[in-house]
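Throughout, a chain's letter reflects where its sequence line sits, starting with A, and its residues are numbered from 1.
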Protein chains: 2
Amino acid sequence: MIQQEQRPLYEIKANLFKGLAHPYRIHILEILSSAPETTVSEMIEVTGLEASHLSQHLAVLRRYGLVTSDRRGSVVFYRLAFAQVADLLFVARQLLTELLGSSSEQLSSLGDLPVIALTPPGPTHSAQPATQPGGGW
Amino acid sequence: MIQQEQRPLYEIKANLFKGLAHPYRIHILEILSSAPETTVSEMIEVTGLEASHLSQHLAVLRRYGLVTSDRRGSVVFYRLAFAQVADLLFVARQLLTELLGSSSEQLSSLGDLPVIALTPPGPTHSAQPATQPGGGW
DNA sequence: GCTTGATATGATGAGTTCATCAAGTCAGAA
DNA sequence: TTCTGACTTGATGAACTCATCATATCAAGC
């Protein structure tokens, strides 16, 4: 899945973002960003996820090379594979600060724009015309 | 009507990455990172995509608030909505350098990328996962 | 008006990812 | 050696994303 050796960089990069494109995985990475290492049990507690569900997302992160793990006795410890993962989350947060800030300005000054920044696809918020990410391709 | 401010940040952040999780969209953003603005025709030429296909991805990027556009006559110009978008691509590239470098030295393909300078207190103070104050972001 | 070039939107089937639950592995305790 | 706790893997239907093609819009000329 992750053999990206001789593909154009934009494909490899998109693939990285794909690995990050799930709320639970971001949550996991944020937890791991805030401590040197964390056990699965701790993550279950913090996230409230079912063990198998959490484990699936940890498996994805492992496959993408974003986290590493080792077992000590019956406990498994996880940590970020690279400090740059935390950097990426940090820059993403900066971008979101701009993005959300400006979109709320637009919204309050221009009334109802058909612009929806970063709203996830799905049956949520029905107040908008049919222009939602992922809605109807 | 949008109220993303009330969702946990990791959901909003994951959604941002979702908007970036496609090779063509990354390619488009890299093109836009390397010039102040670009027309759709130019992007068709560079990417080799069919017009409607490109337009769909541009629509996604617009909806996510990552690019803006304006029409002048019959030509539409696109540009990045925020400089931080380029920053994010830059940091992603750094992470990829580590990630791929740790498994092989196939980084020669990284050479043809637009190199974007990060904003002064750049998030590239690597080495430490930067334990952001106030863990819940 | 009508035509043409530049872009955008809609519809659809194929492919992918997700959440859930069942079953499996691995290590230490009894 | 069986049990139990801590995780991981497998299977499956629902939901989502994609590429393709058809259709629509918009601006400039004729």
**OP:** Report the nucleotide, chosen from dT8(D), dC18(D), dT9(D), that has the shortest atom-to-atom distance to any side-chain atom of Val76(A).
**Re:** dT8(D)
**OP:** Identify, with sequence neighbours excluded, every residue that meets side chain to side chain contact (heavy atoms under 4.5 Å, CB included) alongside Glu50(A).
**Re:** Ser52(A), His53(A)
**OP:** Measure the CG-CG distance between Leu58(A) and Leu32(A) for me, rounded to the nearest 0.5 Å.
**Re:** 7.5 Å
Subject >> Shortest non-hydrogen separation from Gly65(B) to Phe82(B) and the atoms involved >> reply: O-CE1, 3.8 Å
Original post:
How would you list, by chain and number, every residue that makes a side-chain hydrogen bond (donor to acceptor under 3.5 Å, both in side chains) with Arg71(A), sequence neighbours excluded?
Top reply: none
Original post:
Can you check the Leu58(B) CG to dA8(C) P distance for me, whole Å?
Top reply: 6 Å
Subject >> Spacing of Asn15(A) atom CG relative to dT17(C) atom P, expressed in whole Å >> reply: 9 Å
Throw together a table of side-chain donor-acceptor distances under 3.5 angstrom for residues 16-29 of chain A, partners on residues two or more places apart or in other chains.
| from | atom 1 | to | atom 2 | distance (Å) |
| --- | --- | --- | --- | --- |
| His22(A) | ND1 | Tyr24(A) | N | 3.1 |
| Arg25(A) | NE | Gly19(A) | O | 2.7 |
| Arg25(A) | NH1 | His57(A) | ND1 | 3.1 |
| Arg25(A) | NH2 | Lys18(A) | O | 3.3 |

**OP:** With sequence neighbours excluded, tell me which residues meet salt bridge (Lys or Arg N to Asp or Glu O under 4.0 Å) with Glu37(B).
**Re:** Arg72(B), Arg79(B)
Subject >> Below 4.0 Å: OP1/OP2 of dT17(C) and any side-chain N or O of Lys18(A) >> reply: yes
**OP:** Could you check Tyr24(B) against Ala59(A) and say which one's nearest nucleotide on DNA chain D is further toward the 5' end?
**Re:** Ala59(A)
Subject >> Euclidean distance, atom OH of residue Tyr78(A) to atom P of dC7(D) [Å, nearest integer] >> reply: 9 Å
Original post:
Can you name the nearest heavy-atom pair linking Tyr78(A) to Val67(A), along with the distance?
Top reply: CD2-CG2, 3.9 Å
Original post:
Can you name the side chain to side chain contact (heavy atoms under 4.5 Å, CB included) partners of Ala59(B), sequence neighbours left out?
Top reply: Arg62(B), Arg63(B)
Original post:
Does the side chain of Thr39(B) reach to within under 4.5 Å of the side chain of Val76(B), using non-hydrogen atoms?
Top reply: no
Original post:
Can you tell me how far P of dT8(D) sits from CZ of Arg63(A), to the nearest Å?
Top reply: 13 Å
Check nucleotides 27-30 of chain D for protein N or O atoms closer than 3.5 Å to its own N or O atoms and list the pairs.
none

Original post:
When the distance from NE2 of His57(A) to P of dC18(C) is rounded to whole Å, what number comes out?
Top reply: 6 Å
Original post:
Any donor-acceptor pair under 3.5 Å joining the side chain of Ser52(A) to the base of dC7(D)?
Top reply: no
**OP:** Write down the atom of Ile44(A), the atom of Leu49(A), and the distance for their closest heavy-atom approach.
**Re:** CG2-O, 3.5 Å
**OP:** State whether the side chain of Thr47(B) and the backbone N or O of Met43(B) hold a donor-acceptor pair below 3.5 Å, judged by distance alone.
**Re:** yes
Original post:
What's the CG-P distance between Leu54(A) and dT9(D), to the nearest Å?
Top reply: 12 Å
Original post:
Between the base of dT17(C) and the side chain of Gln56(A), is there a donor-acceptor distance below 3.5 Å?
Top reply: no
Subject >> Atom-pair distance (CZ on Arg62(A); C1' on dT9(D)), nearest Å >> reply: 10 Å
**OP:** Can you see which heavy atom on Ala92(B) is nearest to which on Leu88(A), and at what distance?
**Re:** N-CD1, 3.6 Å
**OP:** For Phe77(A), report the nucleic acid contact type (base, sugar-phosphate, nothing); a contact means any heavy atom under 4.0 Å.
**Re:** nothing
**OP:** Go through residues 36-46 of chain B and report each residue with a non-hydrogen atom lying under 4.0 Å from DNA chain D, sorted by number.
**Re:** none
Subject >> Length of the line joining His53(A):NE2 and dC18(C):C1', which is rounded to integer Å >> reply: 6 Å
Subject >> Relative orientation of the end axes in the helix from dG1(C)-dC30(D) to dA30(C)-dT1(D), expressed as an angle to the nearest 10° (five pairs per end) >> reply: 0°
